[in-house]
Amino acid sequence: MAPIGIRLRQHVREEAAKGRWVFINPFFSRYMSSCQGVPLGGIGAGSIGRSFRGEFQRWQLFPRICEEKPVLADQFSVFLLKETAASGIGSWDWNMKGNNSTYHALYPRAWTIYEGEPDPDLRIVCRQISPIIPHNYKESSYLVSVFTFTLYNSGKTAADVTLLFTWTNSIGGVSHFSGHHSNSKTMMEDGVHGVLLHHKTADRLPPLTFAIAAQETDSVHVSECPCFVIDGNSKGISAKDMWQEIKEHGSFDHLTAPEVSAASEPGSSTGAAIAASVSVPSDATGTVTFSLAWDCPEVNFLSGKTYHRRYTKFYGTNGVAAANIAHDAILEHGQWESKIEAWQRPILEDKRLPEWYPITLFNELYYLNSGGTVWTDGLPPVQSLASIGGRKFSLDRSQSGLKSIIESSQSNDTAVDILGRMTSVLEQIHTPIASNSAFGTNLLQEGEENIGQFLYLEGIEYPMWNTYDVHFYASFALIMLFPKLQLSIQRDFAASVMMHDPTKGKLLHDGQWVPRKVLGAVPHDIGLNDPWFEVNSYCLYSTDRWKDLNPKFVLQVYRDVVATGDKKYAEAVWPSVYVAMAYMDQFDRDGDGMIENDGFPDQTYDTWSVSGVSAYCGGLWVAALQAASALAQEVGDKGSEDYFWCKFQKAKAVYEKLWNGSYFNYDSSSGANSSSIQADQLAGQWYARACGLFPIVDKDKARTALETVYNYNVLKAKEGKRGAVNGMLPNGEVDMSSMQSREIWSGVTYAVAAAMIHEDMVDMAFNMASGIFEAAWSEGGLGYSFQTPECWNTNDQYRSLCYMRPLAIWAMQWALSRPKVSNQEPRPEPKAESLLMVHSGFSRVARLLKLPEEQKSLSLLQALFDYTCKRMLT
C-alpha cells in the first residue's frame, strides 16, 4: 500500500495546485457528529442538514462542498407569557433542557415533540417537511422546507406564545464573515411575511438568496427584524438587542429598522429574524407555519461550465425566486404531506414487515438529498469566455447590430439580449465538443420529455458523480420512486459507452499512464471536475479493465425496461448495450463464453484481488448475457437475441464449476483465498430474479449458498447483529486477505437480503438486514443515522460516512413488491448458420474494441514494495 499512498499524496498536491478536486483525500480531516436528522430541501438543489437537537448543519449548497459544522444562530426559539401569579417580562425567558423531548424521523418528514417545555401545561410539536414526492418531477426539485408548530395548551389560562426563527446570512463554515451580504424585508400575498438574505459568495461560487417566512392569520401575528449583527462592526441592531426586543414586546412591532440593510462588513456576521405571536386559549391549540427557502439557480464546475438547476424550469434563472418559493411552500405543503402519506401508509401498515424495516426504508432515502445531488434543467452548459480557447466569434449576427438593440430596448433588456447572444454563440462553438460527451439527452426520442440530468456522489468522502458500480445497488430507489431520473442517468452512461477520450492519466497503483476512457467501456463515474465531459475521475486502477461495470450497465438497462415498459428508451440505448457486450468479449481469454478476472481488484471490491472465473463478476456476466438477449427481443433484433441466448447457456455451464456443494467459490484460481465465502457471490442471480429472467443457478443451489452466507458471514460475526462480512473462510474465520474482505458493507447486506427474498427466504433476509439497522439506526447503535457509511469492520470502525450504496434497501422493497414472474417458455434452438453470421459481425466489433496488451513489467522498487505489502497482509 505504501507506493499507492505516496502517489496519492502527490496526486492530491498536484490537483490542488491546479485548483481541482480529487476522487479521494484521506489526508483531509472532517468534522463528525452523531446527531444527524432529516435534512432539508428537495432533490438536486442543495441540502441543509438538521440534527435531532434542532441545529442546522451539514451545508451542501454547492457541488462537492460540504460544511459539516452547525451555524449556531440558526434556530427556532419559543417565548411564553401566561396569566399566572408570577408576573414580569422575565417569564418570557427559558432554557431548553430537552429531558422530555422526543424526535421522530420518517423521511422526508420529521417531528419534534416538546413535552412541558417551556411550561408544564404546554406541548409543542414541530413538524418538518420537504417536498420529496415519488413520481413528482416539479415540487421534488424545490429548495425549501416547511416547519409547522402546533401548540397544545392544557392549562387553565391562555398562553401567549412567540415563536422566533433566526437565520444567519451564511452558507456554512466561515462564509458569514466574508462580507458584502445584505438583507431585505418582503411582503407576499396570502399574509406571508418574510426576510430575504442575499449572500454574495466567495471563491467564484454563484450568489444565493435565502428566504425565511411565516404566515399571518386571524390568530397569528407576524413581525420581522430584517437585520441584526451577530458579530463584528456592521451597522444595525445587535443580536442581544434583537433578543431583548422579543423578551420585552413579544414581537418586532416596536423595532425601528430599515427594510433593506446595508451590506455587511468583511469580518462581520449578520442575520435576520421573523417572529410569529399567537395566543392559545385554555384547553385549545394554535398553529404557526414557517418556511425556509433558498434560490441558487446556477451550478458551477471547475471546468468553467455552468448549468441551471431543475427548479428554474418553474421559477426562472434570475435568482429572485426565494420569496415565491417560500410563499408557495407555506400554501402547498399540506398537499405535499397528503401525497407523502398516501405513498408511505401502505408500507407502514404492512403487518408482514418487521417494525424497523419501513422506518429504515424511508430514512435511507435521505441520500437523494444529502448525497451532494445536482439536478439540472437538461440543457447544455453555459460556458465562460475562458473556455473558448483561440476560436474567433462575433455577437453581431443581426443586420442592424448592437446599436439598434440599445436604441429600441429599455436598459434592463439590453443585458438579457446580449447574454442570449453570448449563450447562443458559445453553444455553437462548443457543439463539436459536446458531441463527445456523456450527454444522454441526445438519446431522447421524439415526444420524450427532457427531465434534466441527475448527479449524486458516491459518498461525501468519495466525491465522484454517479459512481456506476455502486449505483448498480442504489438504483432501485430511483427506478421505484423517480424512474425518469434513473433513465436519465442510464442515457448518460449509454452515451458514455460510445465516448473515447485518449487523454492520459496516471494510475495510483502502479504509476502507469493510461487513457481516460476507451470506446466500449462503461466508465467508473461520470466525472468530478467536469461531469459528462471528463468521465472516470477514479484513478486507482484502470477501470477500462474492470469486469463488473459493463454487465451492470446491461442489467440495469433491462431492469429499467421491465420497470417502465419504455420501448423508445430500449431502442435508443440498444446500440450502447451491444457495444458494451462486445467490449467484454476480450476478457473471455479461452473462448469458453465466460469472462475471467485478471488478478487485481478489477471490480467494485477494489482492494480485494480476484483471478480467473469469479462468483461475483462471472455471475454478473451470465446474467448480463441473458439480459442482452431479452433486450434484443424487445427491440426486434432476432439475430442478437438468439446469439446472446446461446452465449448465456455456454457461460452458465462454466459458472456452475465454481459450485463446491455449499456455495460458489470466490474464484477459480486455486489461490489461498479462492474458497472464501463471499457474501455478494450471487449478485448475478439477484439481478436476474429482479429482472424477471431465468435464474442463473438452480434454486436449491441459490438457497444453499445464501444459507451458507447467513451461517458464516452473518452469524459468526458480532453475534449476527452487524450485517454480513464480505468474506469468510470455510473454517469460520474472517477473510483477512484485504481491507474490504473483512468489512461489512451496509448496501451489500441489503442487496444480499433482497436476493434472499427473491428465493423465498424472507425471514432470513430480514434477520440479516436488521444488523444494519442495529448498527446504523438503532438508539443503541453506532450513531450513523442519516449518514449510513459504506461499511464498518468487526471492530465497529467505519469507513466513508454518508454513502450511496445503502439505498440498496430499496432492492428489498423491489423484491417484496414485484409480482412473481411465471416460468418463461423454453426457447427453440436457433439455426447454426444464422448464429454464425451474427457471430461474425459481433467478433468484428469486439476486435475493434480490444485493448492493447497491458504492460506487465515492474520496476525493482515497485516489486519490492508489492512483495513487502503482501507479506504484511499474510
Side-chain angles (χ1 to χ4, degrees), residues 37-39 42-43 52 102-113 123 125-136 139-140 145-146 148 150 152 285 332-369 474 476-483 563 689-690 746 749-751 753-774 776-781 785-786 788 806-821:
V38 171
I43 297 175
F52 61 74
T102 55
Y103 179 82
H104 306 265
L106 193 66
Y107 188 81
R109 296 178 293 166
W111 299 261
T112 306
I113 301 173
R123 181 174 187 256
V125 178
C126 173
R127 192 169 76 254
Q128 170 191 315
I129 181 172
S130 298
I132 309 292
I133 307 166
H135 306 283
N136 176 302
E139 285 85 355
S140 294
S145 288
V146 177
T148 298
T150 305
Y152 302 84
T285 63
E332 298 172 8
H333 75 279
Q335 299 174 36
W336 302 346
E337 191 157 25
S338 296
K339 293 175 181 177
I340 292 169
E341 287 178 348
W343 156 46
Q344 295 182 337
R345 187 181 302 111
I347 298 174
L348 292 170
E349 295 178 353
D350 190 337
K351 301 301 181 184
R352 302 171 301 165
L353 305 175
E355 184 178 359
W356 67 266
Y357 172 76
I359 299 168
T360 311
L361 179 75
F362 292 121
N363 283 339
E364 289 285 15
L365 290 173
Y366 84 95
Y367 199 77
L368 295 181
N369 165 276
F476 282 91
L478 286 177
I479 196 60
M480 292 189 74
L481 305 176
F482 297 95
R689 291 287 201 190
S746 52
T749 297
Y750 287 144
M756 288 179 173
I757 293 170
H758 283 296
E759 303 299 335
D760 300 317
M761 305 165 71
V762 178
D763 290 342
M764 187 177 291
F766 282 125
N767 288 338
M768 179 175 66
S770 68
I772 307 303
F773 165 75
E774 292 293 337
W777 293 94
S778 71
E779 189 173 352
S785 55
F786 297 100
T788 313
L807 283 170
I809 192 173
W810 280 87
M812 295 178 65
Q813 189 61 21
W814 174 277
L816 289 165
S817 59
R818 298 293 292 181
K820 296 290 183 182
V821 179

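All values below come from the heavy atoms of this structure, side chains included, with hydrogens, waters and symmetry mates left out. Residues take their numbers from the sequence shown, with the count starting at 1.
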Got Thr102 and His104 here, is their nearest side-chain heavy-atom distance under 4.5 Å? yes
Take Tyr750 and Thr788 through the test side chain to side chain contact (heavy atoms under 4.5 Å, CB included) and record every step on the way to the result. CA-CA 12 Å; Tyr750 287 144; Thr788 313; 5.5 Å; no
Is the backbone N or O of Asp763 less than 3.5 Å from a side-chain atom of Asn767, with the two atoms forming a donor-acceptor pair by type? yes
Separation between CG (Leu365) and CG (Leu481), nearest 0.5 Å, reads 6.0 Å
I would like to know whether Leu816 and Leu353 meet side chain to side chain contact (heavy atoms under 4.5 Å, CB included); could you show each step before the answer? CA-CA 10 Å; Leu816 289 165; Leu353 305 175; 3.9 Å; yes
Are Glu341 and Arg109 packed together at the side-chain level, in the sense that at least one heavy-atom pair is separated by less than 4.5 angstrom? yes
Ignoring hydrogens and angles, state whether a donor on the side chain of Tyr357 or Gln813 is under 3.5 Å from an acceptor on the partner side chain. yes
Does a side-chain N-to-carboxylate-O contact under 4.0 Å join Arg127 and Glu337? yes
Applying side chain to side chain contact (heavy atoms under 4.5 Å, CB included), run through Ile809 and Phe773 and close with a yes or a no. CA-CA 11 Å; Ile809 192 173; Phe773 165 75; over 6 Å; no
Where Ala765 and Met812 come nearest, the two heavy atoms and their spacing: O-CE, 4.5 Å
Donor-acceptor pair, side chain of Ser140 and main chain of Ile133, under 3.5 angstrom: yes
Which atom pair, heavy atoms only, marks the closest approach of Gln344 to Pro108? NE2-CD, 3.9 Å
Got a second to check how far Phe476's CZ is from Trp814's CH2, nearest 0.5 Å? 6.5 Å
Heavy-atom pair with the smallest gap, counting every atom of Ile479 and Ala563: CG1-CB, 3.6 Å
Out of curiosity, Ile43 CD1 to Leu368 CG, how far, rounded to the nearest 0.5 Å? 5.0 Å
Starting at OG of Ser130, measure out to CD of Glu139 and round the result to the nearest 0.5 Å. 13.0 Å
Okay, side chain of Trp810, backbone of Leu361: is any donor-acceptor separation there less than 3.5 Å? yes
Taking it one step at a time, do Glu364 and Trp777 satisfy side chain to side chain donor-acceptor pair (under 3.5 Å)? CA-CA 10 Å; Glu364 289 285 15; Trp777 293 94; 3.0 Å; yes
CA sep, side-chain torsions, deciding dist, call: His758, Arg818, side chain to side chain contact (heavy atoms under 4.5 Å, CB included): CA-CA 10 Å; His758 283 296; Arg818 298 293 292 181; 5.7 Å; no
side-chain hydrogen bond (donor to acceptor under 3.5 Å, both in side chains) partners for Ser770, two or more places apart: none
Is any side-chain heavy atom of Asn136 less than 4.5 Å from a side-chain heavy atom of Trp343? no
Heavy atoms only: give me the nearest Ala751-Ala808 pair and the separation to one decimal. N-CB, 4.5 Å
Nearest heavy-atom approach of His135 to Met480 is NE2-O, 3.3 Å
Is a side-chain donor or acceptor of Asn369 paired with a backbone partner of Gly42 at a separation under 3.5 angstrom? yes
Any side-chain donor-acceptor pair under 3.5 Å between Ser145 and Gln128? no
May I ask you to test the Arg123-Ile113 pair for a side-chain heavy-atom distance under 4.5 Å? yes
Kindly indicate whether the side chain of Phe786, heavy atoms from C-beta on, has any atom under 4.5 Å from the side chain of Val38. yes
Distance from Leu348 atom CG to Glu355 atom CD, nearest 0.5 Å? 11.0 Å
Could you tell me whether a side-chain N or O of Asn363 sits under 3.5 Å from a main-chain N or O of Ser785, the two making a donor and an acceptor? no
Could you give the distance from CD1 (Ile359) to OG (Ser778), rounded to the nearest 0.5 Å? 11.5 Å
Are the side chains of Phe362 and Ile340 in contact, using a 4.5 Å heavy-atom criterion? no
Check: Thr148 and His333 side chains under 4.5 Å, non-hydrogen atoms: yes
Any Trp111 side-chain heavy atom under 4.5 Å of Leu106 side chain: yes
